[in-house]
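Have a look at the structure below before the remarks.
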Amino acid sequence: MSRDIGYYWSRIVIYTLVALCVGSLFYDVGTSYTAILARGACGGFVTGFMTFMSIGGFPSFIEEMKVFYKERLNGYYGVAVFILSNFVSSFPFLVAISVITGTITYYMVKFRTEFSHYVFFCLNIFGCIAMVESVMMIVASLVPNFLMGIIAGAGVLGIMMMTAGFFRLLPDLPKAFWRYPVSFIGYGSWSLQGGYKNDMLGLVFDADPMSGQTKVTGEYVITHLFGVSLDHSKWWDLFALYVLVIVYRIVFFLILKLKERATPYFHSLYATRTLHRLKMQPSLQKLPSRPSKRHHNLRSLSSQEGLTSPIP
């Protein structure tokens, strides 16, 4: 994994450049009235679009899956060992991406001065990236090729970002499907809620000059402007994010085990149907036996009835 430049090394460079862009764009955002939406936009970009870039490691993971299938057939190791070793080998790179991105963005934007808020910010990024990789693992185990995997993975992650509560507030989502269960099984809603609480709770912003107020608290901004409930702590949101990471890895494990059990059956079924189709083809059907004309006794024309010999 460390020898594959496109897997993590290039992603570290890209994440660093994007973090510098985000930090310079939202530099020293402050606590003015316009900073409310700026802070929300920055949090939505970091937990959404920035972590979405983790699908760049999908081609390399496809190659890993090909190696795993071959080594699994040889009996070298099992599914659980592969999933655990993949996480352990990728852990240092995910930590590096999270710390570099979180440090640059957090201190350039100047969210908060407390160290605990910085730690939460980096842990939130780490959980989002790990969640994106877990989703792409499931996609890689279900699709037949790289192109369909990129399309399907981008679609699934796009749905998770769409129901995160940034483009459409969580209370305004249709509850029948998009709120329950889509927003609950997606990482975006949990990470964004925790990010809002980590950033804005305890702050005081300048109010809208047209409202007649002078100040507005962060609690009011979170509950009324962003539609986020304060019934639970930000650490519960982070805990839910990491639970989803574990659940998605378990789903990936179950899919690989199911494919391992079902693949021989489908191979035998495919072989049986193929042989049946071949037997039904006219070119391969057994023709009825006929006497050969090569071994017939030759007779003169004069011996045949109704004919006379051409020789005088």
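Values below: every heavy atom of this structure, side chains too, minus hydrogens, waters and symmetry copies.
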* Asked: Hey, quick one: are Met131 and Ile150 part of the same hydrophobic cluster, counting side-chain heavy atoms closer than 4.5 Å, chains of contacts allowed?
  -> yes
* More than 12 non-hydrogen atoms from neighbouring residues, nucleotides or ligands closer than 6.0 Å to CH2 on Trp236, yes or no? -> no
* Asked: Between Glu260 (side chain) and Leu256 (backbone), is there a donor-acceptor pair under 3.5 Å?
  -> no
* Asked: Taking the side chain from Trp190 and the backbone from Phe184, do they hold a donor-acceptor pair closer than 3.5 Å?
  -> yes
* To do: Please indicate whether Phe45 has more than 12 foreign heavy atoms, meaning atoms of other residues, nucleotides or ligands, lying under 6.0 Å from its CZ.
  => yes
* Asked: Are Phe91 and Phe93 joined in one hydrophobic group, where the rule is that I, L, V, M, F, W and Y side chains link up if heavy atoms are under 4.5 Å apart?
  -> yes
* **Smallest separation among heavy atoms of Phe226 and Ile36, with atom names** => CZ-O, 3.7 Å
* Asked: Does atom OH of Tyr27 have more than 12 heavy-atom neighbours from other groups under 6.0 Å away?
  -> no
* Hey, is the main chain of Leu225 close enough, under 3.5 Å, to the side chain of Tyr220 for a donor-acceptor pair? -> no
* **Aromatic plane relationship, Phe121 with Phe111 - under 30° parallel, 30 to 60° tilted, over 60° perpendicular** => tilted
* To do: Would you tell me whether Tyr15 and Ser98 have side-chain atoms, one donor and one acceptor, within less than 3.5 Å of each other?
  => no
* Neighbour count above 12 (heavy atom, 6.0 Å) for Tyr118 OH -> yes
